[in-house]
Every structure is written in C-alpha cells, then in structure tokens.
2 protein chains.
Amino acid sequence: MAQNNHKKYRNSKQRTKILEILKSTKDHPTAVRIYEQLRTEFPALSLGNVYRNLNILVEQGQISELRFGSTFDRYDGDIRPHYHFICEGCGSIEDLDIEHEDVLNKKVEENTNYKVNHHRLEFYGQCENCLQ
Amino acid sequence: MAQNNHKKYRNSKQRTKILEILKSTKDHPTAVRIYEQLRTEFPALSLGNVYRNLNILVEQGQISELRFGSTFDRYDGDIRPHYHFICEGCGSIEDLDIEHEDVLNKKVEENTNYKVNHHRLEFYGQCENCLQ
DNA sequence: TTGAGTGCAAACTATTTGCAACTGG
DNA sequence: CCAGTTGCAAATAGTTTGCACTCAA
C-alpha cells in the first residue's frame, strides 16, 4: 500500500503544520477537519492539498491512517462473529478459523468507561498464492 | 447502524437470489461483483437495486457487511501499533491502552498458510458521553 | 533554476436517492 | 389495491488528479 516510490520531499509550511496538528492531538481527525483547522492560518488552502500531504506523511511513515473509506464494502453471508484475513497482494478476504474472543470486550470495558458491543479484528498479509 | 425502522418486507426474486449467492460462497464479494453475477439472470438489473437489497439484508440480519468504504478516513499521529475504540453514538475514536498482541499474528500463521504482517482491532460501543 | 508543492476545478469511485412504473400478497 | 420493489438517471460524498503557477533548496 504505502510504497516508497516517492523519491524526494521538500519542506512545506502546510505539510509541517498538518504533521504538528496530528502529533499534538489525541483526536483522530478527518481530512476535512484538518482542512478546516488550517484554513484560519492558510486561507487559500485547498482540501486536495491536505489529502496530498496526508498521503505523503503516510508514505513517509510519520502518521498512520485508519481507513474507513476509499475501497469497497464487502458482504458476507456468514453472520456468526468471526475474524478475517485480507491479502495485501490480491485483495482476497478469507474467513479465519480461530475462535472469536468475546472476552476482549470485557477487557476493554475493565480499562475504560465505555460500553463495548462488539469488535472487529482483521489480519493483513499475503495469502498462499501471493507468497510464491 | 442497522436500525430496525424498516417495517415490512415483501419477497423479490432479486433479493432472494442475492441472499442465495452470499450464503453459498466463501468469497466476500463486493456489490459490483454480485451485480455482475446476477446480470445474466436479470439483464435489466440495476446496481442501485443491488445496493438497496444488500442494505435490506443487513437490516434483516441475514448477512453482514465488512465496511471498507462509505465513511471517512481518519488520521493518527501515533504510529505505534495500538487499538481503537469507536463510539457508535458520536463517532469519536479513542486510543485504547490495552497492550498490542503481536502474538495474534503468529497464532493466525500457525492455523493457515498465510504470511501475516499486521492486524487491526477495533472495538465498537458507546463512550462515556453517549452512555448518559 | 528546477522539480516539489500549491490552489483550483474537474474527474473519479462507491454508494444513495427521487421518481414513475411495476408487482406480490 | 397498495405499499414494497424496481430500473433509470441524477445526486452525493470522499478522494484523486491535471494543470499552470509558485516556492524552497
């Protein structure tokens, strides 16, 4: 996903500030929120540029990205709770046979003041075909 | 997410067939793939209708949905591997303080022929504010 | 001076929706 | 018959990209 085919980076006030914002908050802001926050300082800032810089920062490994968008929803006829393996080579998604750990929800509840209803666990790597 | 505000459902050949397809495969097809597969049987079928029916089936609890799309990407200045809690009430995302279980990757590798690079674990529920 | 960065607008992709016609119970 | 379902096309929403201009090294 985050290849290192980008060769050289220069400094830019915008990118520096985006990184600063992300390093100084425990929020997990969206691109739009970052954009809004920066508009006061850079009135001409464009949202496209925020996206560009976020991608560069991810590429550089300086931030990480929690993807909830940009790809496909997948549908599953099996409604029992189970975990998935996602191949980063071919994109295939496989059900995993390891047991569902309901106890994890409890563990989180013990450490927080949240009510936990369910969790989602996905493993990423290469499937048999893509390993060869 | 999947409220039960939908009152009554009728049968439809299209929806029945979509469910059949999902129940009979271990793939995790996208809406488009299901659409393509059904086009031979229902040449006039529209993609919009596939989406509508998939949402209804999710609403009915007959299938489940692995969301990779449809919402926002979130960015995180903390690149150490850690888990997240996502509030289903207000959408806020919090870092969790429970330890990162690298051992899970090994466990999956022992049970499969896959190479596992990393995993992602998210808990869903209500945060303190939304509980009141 | 030169190629990385920028703003802008248009393009793209996945998904949703309004509408008039249709159909199953 | 009537509310749920459909196809179609247009609309949305988040993200990416082409282009001409700018700026940092």
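Order of the sequence lines fixes the chain letters, A, B, ..., with proteins taken first and strands second; residue numbering starts at 1 for each chain. Side-chain atoms are counted along with the backbone in the values below, which use heavy atoms only and exclude waters and symmetry mates.
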- Message: Pick the closest DNA chain C nucleotide for B:Arg10 and for B:Ala31 by heavy atoms, then say which residue is nearer the 5' end.
- Response: B:Ala31
- Query: Taking OH from A:Tyr51 and P from C:dA10, how many angstroms apart are they, rounded to a whole number?
  - Reply: 19 Å
- Task: In whole angstrom, give the distance that lies between atom OH of A:Tyr75 and atom C1' of C:dT15.
- Result: 8 Å
- Co-members of A:Leu96 in a cluster of I, L, V, M, F, W and Y side chains, linked at under 4.5 Å: A:Tyr83, A:Phe85, A:Ile98, A:Leu104, A:Val108, A:Tyr114, A:Val116, A:Leu121, A:Phe123, B:Tyr83, B:Phe85, B:Leu96, B:Ile98, B:Leu104, B:Val108, B:Tyr114, B:Val116, B:Leu121, B:Phe123
- Item | Pairs where residues 42-61 of chain B contributes a residue and the test ring-ring contact (aromatic ring centres under 6.0 Å, His included) is met, not counting sequence neighbours | none
- Please determine if A:Lys8 and A:Glu59 form a salt bridge, counting it only when a charged side-chain N lies under 4.0 Å from a carboxylate O. no
- Task: Grab the CD-P distance between A:Glu65 and D:dT15 for me, whole Å please.
- Result: 9 Å
- Heavy-atom contacts, protein to nucleotides 6-12 of chain D, under 4.0 Å, summarised as B (base), S (sugar-phosphate only) or - (none) per nt, yield BBB----
- Length of the line joining A:Glu59:CD and D:dT16:P, which is rounded to integer Å: 11 Å
- Counterpart residues, salt bridge (charged side-chain N to carboxylate O under 4.0 Å, His left out), relative to A:Glu110 (two or more places apart): none
- Task: Could I get the full list of salt bridge (charged side-chain N to carboxylate O under 4.0 Å, His left out) partners for B:Arg120, not counting sequence neighbours?
- Result: B:Glu122
- Task: Under the salt bridge (charged side-chain N to carboxylate O under 4.0 Å, His left out) rule, collect the residues that match up with B:Glu94, sequence neighbours excluded.
- Result: none
- Other residues, nucleotides, ligands: >12 heavy atoms within 6.0 Å of A:Asp97 CG: no
- What integer distance in Å separates B:Tyr9:OH from D:dA3:C1'? 14 Å
- In whole angstroms, how far is the P atom of C:dT6 from the CG atom of A:Asn55? 13 Å
- B:Leu47 CG to C:dC12 P, straight-line distance once rounded to whole Å: 18 Å
- Task: Check whether any side-chain N or O of A:Asn11 sits under 4.0 Å from OP1 or OP2 of C:dG5, and answer yes or no.
- Result: no
- Does A:Glu36 have any salt bridge (charged side-chain N to carboxylate O under 4.0 Å, His left out) partners at least two apart in sequence or in another chain, and if so, which? none
- In short, side-chain hydrogen bond (donor to acceptor under 3.5 Å, both in side chains) pairs touching residues 13-23 of chain A with sequence neighbours left out are A:Arg15-A:Asn53, A:Lys17-A:Glu41
- Axial bend angle, the helix from C:dT1-D:dA25 to C:dG25-D:dC1: five-pair end segments, nearest 10°: 30°
- Let me know the distance between CG of A:Leu38 and C1' of C:dG7, rounded to the nearest Å. 14 Å
